[in-house]
2 protein chains.
Amino acid sequence: MKLITRDTDYALRALCFISRSSAGKFSVTKLSKELGVPRPFLRKILQTLNKQKILESTRGKAGGFILAKDPKKIFLTDIIGIFQGRLKLNECFLNRLICPDQRTCLLRKMLVKIERYVLKELGSITIASLLK
Amino acid sequence: MKLITRDTDYALRALCFISRSSAGKFSVTKLSKELGVPRPFLRKILQTLNKQKILESTRGKAGGFILAKDPKKIFLTDIIGIFQGRLKLNECFLNRLICPDQRTCLLRKMLVKIERYVLKELGSITIASLLK
DNA sequence: ACAATTGATACAATTATAGTATCATTTAGT
DNA sequence: ACTAAATGATACTATAATTGTATCAATTGT
Ligand code: FES
Ligand code: FES
């Protein structure tokens, strides 16, 4: 079970890298070299982050990406949400044959509980906090 | 993110069904009809449960599967482990570029913490407890 | 004008999940 | 002994998700 997929991972790497540097603006070419991430894939990822207003892009020669937000305000749950959809452990996976009453279902309650816990924990981590 | 995959799900359905019934022994054909699970797939699943000593099989005509253990002693984590491998949220997913010291890594600590929590919660659910 | 960049989007490869098929072996019933 | 109904073992196929690649258009500094 992957809590964090490759694209989320790469996105985090890029955000951390950009946050740490004072330079501010980076092209995909530069970032892909620095991070060891395939260029076209990273490009797609950064474009997504741009659309989601985590990054801001400038086009044309000498263009590139800069942070659009304070790293203290970029949460791990945001990035996971963007690339993996809202974290959801499971739909009701056993059907009514097994689980005749969803309101009292123990398993359901437990999954909801776990989900809340995970979201709370991940929601406390930001890009800033990853930089130590 | 799926905490529980289809085969785990089907396995749970089957185990619950068998546990609930006093009859004890069921053939794949019977179970697949009762549970609405594709027969060959269910068969593979039950064979696996047999190998893992969760079920016990008898071959030949009038053969089938019975529980090999008290439903109070079959834990959700066991079944997940069998079909999905030991629950593991993530390897160290950011490389050393980003995370220079694993011993102090905040994210790592948090993932380990979440993993422990999930295991603890799931480890408290048994087939018996799913039957209410 | 040109080169270096991103925007948008379609395409391809790889991997994981879900499911099927088949032949061999066992066993109850006749 | 024969047959039918079951599992054991295992190889195969299909589908979906993930992980990438490629390409053409638009923008911008020089
Ligand atoms: S398993 Fe879905 S509500 Fe109980
Ligand atoms: S991200 Fe791997 S140890 Fe910190």
Side-chain angles (χ1 to χ4, degrees), chain A residues 1-14 18 23-33 35-68 80 82-85 88 90-91 93, chain B residues 1-14 18 23-33 35-68 79-80 82-85 87-88 90-91 93:
Chain A
M1 183 181 87
K2 269 187 254 173
L3 189 55
I4 289 168
T5 53
R6 199 76 72 88
D7 39 13
T8 304
D9 174 337
Y10 289 166
L12 290 175
R13 292 193 205 187
I18 296 173
K25 188 161 70 178
F26 292 95
S27 72
V28 175
T29 306
K30 184 84 195 306
L31 280 172
S32 110
K33 273 177 198 156
L35 302 172
V37 169
R39 206 184 87 101
F41 195 25
L42 183 59
R43 193 157 165 230
K44 190 163 70 170
I45 289 167
L46 296 184
Q47 286 185 357
T48 303
L49 289 174
N50 176 50
K51 270 191 207 151
Q52 300 296 325
K53 319 250 176 155
I54 306 288
L55 290 177
E56 219 166 81
S57 69
T58 51
R59 297 170 73 167
K61 193 166 179 177
F65 295 89
I66 56 172
L67 283 186
I80 291 179
I82 288 169
F83 293 101
Q84 306 173 221
K88 196 129 196 12
N90 253 105
E91 309 296 321
F93 69 98
Chain B
M1 184 181 88
K2 269 186 252 174
L3 190 54
I4 290 167
T5 53
R6 198 78 71 88
D7 39 15
T8 304
D9 174 339
Y10 289 165
L12 291 175
R13 291 193 206 188
I18 295 173
K25 187 160 70 178
F26 293 94
S27 70
V28 174
T29 306
K30 185 80 195 308
L31 280 172
S32 108
K33 273 176 198 156
L35 302 171
V37 169
R39 207 184 86 102
F41 194 26
L42 183 59
R43 193 159 163 227
K44 190 163 70 170
I45 289 166
L46 296 184
Q47 286 185 355
T48 303
L49 288 173
N50 177 49
K51 271 192 206 147
Q52 300 295 324
K53 318 249 177 155
I54 306 288
L55 290 176
E56 217 165 83
S57 69
T58 50
R59 298 170 72 163
K61 192 166 178 175
F65 295 88
I66 57 170
L67 282 187
I79 310 304
I80 291 179
I82 289 168
F83 294 101
Q84 306 172 221
L87 184 85
K88 196 129 194 16
N90 252 106
E91 310 297 321
F93 70 99

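Formation of a donor-acceptor pair under 3.5 Å by the B:Gln52 side chain with backbone atoms of B:Ile79 is not found in this model.
Separation of atoms CG (A:Asp7) and OG1 (A:Thr48) is listed at 8.5 Å; rounding is to 0.5 Å. A:Arg39 CZ to A:Ser27 OG: the interatomic distance, rounded to the nearest 0.5 Å, is 7.5 Å. Put simply, CG on A:Leu46 and CD1 on A:Ile54 are 12.0 Å apart, with the number rounded to the nearest 0.5 Å.
Across B:Ile66 and B:Gly24, no two heavy atoms sit closer than the pair CG2-O, 3.4 Å. Residues A:Ala11 and A:Leu49 approach most closely at CB-CD1, 4.0 Å, considering heavy atoms. Nearest heavy-atom pair across B:Arg13 and B:Leu35 is NH1-O, 3.5 Å.
Regarding contacts with the backbone of C:dA4, every side-chain N or O of A:Thr29 stays at 4.0 angstrom or more from both OP1 and OP2.
One interatomic measurement links the two molecules: CG of A:Asn50 to P of C:dA8, which rounds to 8 Å at whole-angstrom precision. Between A:Lys25 atom NZ and C:dA4 atom C1' there is a gap of 12 Å when expressed in whole angstrom units. One interatomic measurement links the two molecules: NZ of A:Lys33 to C1' of C:dA4, which rounds to 13 Å at whole-angstrom precision.
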Practice item. Could you go through the side-chain contact (heavy atoms from CB on, under 4.5 Å) check for B:Leu55 and B:Ile18 one step at a time? Key: CA-CA 10 Å; B:Leu55 290 176; B:Ile18 295 173; 4.1 Å; yes

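Of all nucleotides in DNA chain D having an atom under 4.0 Å from a heavy atom of chain A, the first and last in 5' to 3' order are D:dT18 to D:dG29.
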Practice item. Treat primed atoms plus P, OP1 and OP2 as sugar-phosphate and everything else as base, then score nucleotides 18-27 of chain C 5' to 3': B for base contact with protein heavy atoms under 4.0 Å, S for sugar-phosphate contact only, - for none. Key: SBB-B--BBB

